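Note that this is a predicted model, so its numbers are computed, not measured.
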Amino acid sequence: MASPVSLSLADAMQSVATEIDELFDHFLTVPDDPRAVLYEAMRHAAIGGGKRLRPLLVFASANLFNVGRSSALRTGLAIEALHVYSLVHDDMPCMDDDDLRRGKPTVHKQWDEAIAVLAGDALHALAFEVVADPETHADPFVRAELALELARASGPAGMAGGQMMDLVAEETTFDLPTTTRLQQLKTGALIGFCLEAGAILGRVPPEGRRSLRAYARDIGLAFQIADDLLDVEGDATVVGKATGKDADAGKATFVSLLGVDRARAQAAMLVDQANAHLSAFGAEANLLRAIARYVVERDH
C-alpha cells in the first residue's frame with residue numbers, strides 16, 4: 001500500500017478498507033467444525049461496509065512517525081475488531097435494539113442473540129490477541145502499552161462507560177456538559193486511542209502525544225455532532241442504519257440541545273480547532289487534516 005500521505009482521502013480510505021477486510025478474512029477463516037457459525041457471524045459483522053475511520057486514523061498517526069505498514073495495519077484491525085464488537089452488542093434488543101447495521105441485518109437478526117453475544121465476545125478477544133502478538137510490534141513494551149491503553153479506552157473509563165451513560169440517558173435528561181462527557185467516553189475514547197496508537201508504535205513518549213490527543217478530542221466530538229445531525233436529517237438507506245431513534249427514545253443530543261444550525265457551527269469550529277493542533281507537523285499530517293474535514297461532511 002502507498003504511504004497514506006501520498007494518497008487522496010478517498011484513495012486512502014479505500015486502500016485501508018480493502019486491507020482491513022483482507023486481514024479480517026485471514027483471521028476469521030471459517031473452520032470445519034461446530035464453531036463455524038461463530039466465525040460466520042464474526043465475518044458478517046466485521047467484513048464489508050463501515051468507514052474504517054479508526055484504522056485510517058491509526059495509519060495517519062503512524063505515518064507521522066514512519067511506523068511500518070504492517071504494524072499500523074494490524075493495530076488498526078485490532079481497534080476495528082473492538083469497535084465492531086461494541087456495535088454487535090449495542091444493536092441487541094437489551095441495548096439499542098437495531099435491525100440494520102452497515103446496510104445489513106444486525107447479527108442477532110441474521111442469527112440469534114446468543115450467537116451475537118459470542119461473536120461480540122470473540123471480536124473483543126481478537127483485538128487484544130492482535131495487539132499482544134509480536135507480529136504487531138517487535139518491542140514487548142510497545143505491545144504492553146498498546147494493550148493497556150486499548151483496555152482503558154474501551155472499559156468503564158472509556159467506551160463501555162459511555163455506553164452505560166447512553167442507557168441512563170433514555171430515562172434521564174442530560175445537560176450539555178453531561179452529554180459532551182457521554183460522547184467523549186462512548187465515541188471519543190476509542191478515537192483518541194487511534195491517534196495515541198500511532199505514536200505508541202513510533203515510541204513517542206506520552207508528553208509528545210499531547211497535540212494528537214487534543215486533535216482526537218476535537219474530531220471525536222465533531223464526529224458525534226455529525227452523527228446526531230445524520231440521525232435527524234440523514235437517509236437511512238445511505239446512512240446504513242435506522243435514523244430518528246434518539247428523538248424517539250427522548251435522548252438529549254447535540255442537535256436537541258443546540259439546534260441544527262448551532263450544532264453544525266460547533267462541529268465546524270471543532271474541525272478548525274483540531275487542525276490547529278497539528279501546526280507543528282507539515283505535509284505528513286495532511287491526511288489527518290483531511291479526515292477532520294471528512295467527519296463533518298460525510299453522509300453516512
>> Using 30° and 60° as the class boundaries, would you call the ring planes of Phe128 and His124 parallel, tilted or perpendicular?
In response: tilted
> Do Arg209's NZ or CZ and the ring of Phe65 fall within the cation-pi criteria of under 6.0 Å and 45°?
Replying inline: no
> Looking only at heavy atoms, what is the nearest atom pair of Leu270 and Ala222, with distance?
Replying inline: CD1-N, 3.8 Å
>> Using the rule given for side-chain contact (heavy atoms from CB on, under 4.5 Å), can you reason through Gln163 versus Met159, listing the C-alpha separation, both sets of side-chain angles and the distance that settles it, and then say yes or no?
In response: CA-CA 6 Å; Gln163 289 176 316; Met159 182 182 68; 4.3 Å; yes
>> Would you say that more than 12 heavy atoms from the other residues, nucleotides or ligands in this model lie under 6.0 Å from the CZ of Arg289, or not?
In response: yes
> Stepwise, does the side-chain contact (heavy atoms from CB on, under 4.5 Å) test hold for Lys186 with Asp90?
Replying inline: CA-CA 11 Å; Lys186 183 179 179 182; Asp90 196 47; 4.2 Å; yes
> With a 4.0 Å cut-off, would you call Arg52 and Asp21 a salt bridge?
Replying inline: yes
> Can you find a pair of side-chain heavy atoms, one from Leu9 and one from Leu56, that are under 4.5 Å apart?
Replying inline: yes
> Does the side chain of His137 reach to within under 4.5 Å of the side chain of Arg203, using non-hydrogen atoms?
Replying inline: yes
> Looking only at atom types and distance, does a side-chain atom of Ser256 sit under 3.5 Å from a main-chain N or O of Ala252, one as donor and one as acceptor?
Replying inline: no
> What's the spacing between Leu201 CG and Asn66 CG if we round to 0.5 Å?
Replying inline: 12.5 Å
>> Using modelled atom types and a 3.5 Å cut-off, is there a donor and acceptor pairing between side-chain atoms of His89 and backbone atoms of Met95?
In response: no
> Quick one: are Asn63 and Phe59 in side-chain contact, heavy atoms under 4.5 Å?
Replying inline: no
>> Determine whether Leu288 and Leu212 satisfy the following criterion, side-chain contact (heavy atoms from CB on, under 4.5 Å), listing intermediate values before the conclusion.
In response: CA-CA 10 Å; Leu288 284 174; Leu212 293 177; 4.3 Å; yes
> Has Arg54 got its NZ or CZ under 6.0 Å from the middle of the six-membered ring of Phe193, at an angle within 45 degrees of the ring axis?
Replying inline: no
> By ring pair (Phe, Tyr, Trp, His ring centres under 6.0 Å), which residues pair with Phe174, not counting sequence neighbours?
Replying inline: none
>> In the structure I gave you, are the side-chain heavy atoms of Leu258 and Leu176 within less than 4.5 Å of one another anywhere?
In response: yes
> Are side-chain heavy atoms of Glu135 and Ser70 found at a separation under 4.5 Å?
Replying inline: no
> Would a distance-only check, ignoring hydrogens and angles, find a side-chain to backbone donor-acceptor pair under 3.5 Å from Thr136 to Arg74?
Replying inline: no
> What's the shortest heavy-atom distance between Ala199 and Ser61, and which atoms?
Replying inline: N-OG, 3.7 Å
> Between Arg298 and Asp227, is there a salt bridge with N-O shorter than 4.0 Å?
Replying inline: yes
> How long is the span from the CG atom in Leu257 to the CD atom in Gln266, to the nearest 0.5 Å?
Replying inline: 11.5 Å
>> Less than 3.5 Å apart, any donor N or O on the side chain of Ser8 or Asp11 sitting next to an acceptor on the other?
In response: yes
> side chain to side chain donor-acceptor pair (under 3.5 Å) between Gln14 and Thr18: does it pass, once the steps are laid out?
Replying inline: CA-CA 6 Å; Gln14 182 58 56; Thr18 297; 3.1 Å; yes
>> What I want to find out is whether Arg43 reaches Asp25 closely enough, with some N-O distance under 4.0 Å, to be called a salt bridge.
In response: yes
> Can you tell if the side chain of Leu82 reaches within under 4.5 Å of the side chain of Leu190, non-hydrogen atoms only?
Replying inline: yes
> What are the two closest non-hydrogen atoms of Ala72 and Val58, and how far apart are they?
Replying inline: O-CG1, 3.7 Å
>> Testing the basics here: between Gln224 and Phe254, what is the closest heavy-atom pair and its distance to 0.1 Å?
In response: CG-CE1, 4.0 Å
> What's the spacing between Gln184 CD and Leu182 CG if we round to 0.5 Å?
Replying inline: 10.0 Å
>> Could you walk me through whether Ile200 and Thr75 satisfy the side-chain contact (heavy atoms from CB on, under 4.5 Å) test, starting with their C-alpha distance in whole Å, then the side-chain angles of each, then the deciding distance to 0.1 Å, before giving a yes or no?
In response: CA-CA 11 Å; Ile200 292 170; Thr75 304; over 6 Å; no
> Is any side-chain N of the basic residue among Glu149 and Arg152 closer than 4.0 Å to the acidic one's carboxylate O?
Replying inline: yes
>> Once rounded to the nearest 0.5 Å, what's the spacing between atom CE of Met42 and atom CD1 of Ile115?
In response: 13.0 Å
